[in-house]
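First comes the structure, then the notes that go with it.
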Amino acid sequence: MRCCTSSMKGVASMAIGHAQRHHLVLWWYRTCLGLNYHGRMEELPGAFGSSASLALRLGQTVFSTASLLFMCLDVDFYGYTAFCYLVTVMGLVIPWSITLLVVDAYSVFIKCLPLQRRLIMIIFLGDMILAYLSLAAACSTASVTDLLLDANRSYCPARLCGRYQLSAAMAFLSWFLSLASCLFNFWLVPSL
């Protein structure tokens with residue numbers, strides 16, 4: 001009997017140790033990930049369905065549209081592959097941003113949509129892919145514009161190259177907002 005009670009005390013002490021570790025892990029998740037006391041995620045600014053996400057999507061839409069318009073104001077953009085690439089990528093970013101802008105607006109103004117892990121992962125992956133593509137397009141456009149400016153003024157008049165530079169700057173701003181949205185949604189994934 002004495003052997004059984006000592007082993008029971010050992011099991012009880014292991015159970016208390018496990019419970020304490022469990023509470024320590026829960027405390028860490030709540031502190032570091034922003035979980036409330038019920039284990040649900042508090043609204044993370046910039047995450048899908050929040051007003052900050054709505055602002056990020058609006059900025060992405062405005063900057064990518066401006067980048068596309070500044071590039072397409074001139075008919076000569078198709079002569080350079082980097083400029084065509086920027087137009088193609090911004091043509092992908094605009095519908096993506098507008099779609100998520102509408103969903104975020106619905107979530108903020110009408111009713112809050114439930115967050116599903118699969119949906120957040122799709123949004124995260126879409127933002128990540130488009131962020132990489134936007135960065136590549138903005139960098140290639142900026143470098144080709146800089147090369148054209150340095151080569152000779154006959155290749156690119158100052159007014160035309162100014163538009164190309166402005167288009168690249170808008171693409172960089174669109175990339176920055178897309179990256180921020182991607183990171184906020186990535187931060188939200190572990191809590192779902």
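All figures in this text were calculated on a predicted structure; none of them were measured in a lab.
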Requested in this report: Assess the side chains of Ser67 and Ser167: does a donor N or O sit below 3.5 Å from an acceptor N or O?
Outcome: yes
Please check: side-chain N/O of [X] versus main-chain N/O of [Y], any donor-acceptor pairing under 3.5 Å?
X      : Y      : answer
Arg117 : Val189 : yes
Ser143 : Ser140 : yes
Thr61  : Arg57  : yes
Asp127 : Ser178 : no
Gln60  : Leu177 : yes

Requested in this report: Is it possible for you to say whether Leu133 and Phe186 belong to one hydrophobic cluster, with membership spreading through side-chain heavy-atom contacts below 4.5 Å?
Outcome: yes
Are the side chains of [X] and [Y] in touch, meaning some heavy atoms are under 4.5 Å apart?
X      : Y      : result
Val93  : Trp175 : no
Val144 : Tyr164 : no
Tyr85  : Thr141 : no
Phe48  : Leu119 : yes
Ser181 : Asn185 : yes

Report summary line: When Val62, Leu69, Leu68 are each screened for side-chain contact (heavy atoms from CB on, under 4.5 Å) with Thr65, the one that passes is Leu69
Report summary line: Checking Thr145, Leu148, Leu86 against Tyr80 for side-chain contact (heavy atoms from CB on, under 4.5 Å), the one that qualifies is Leu148
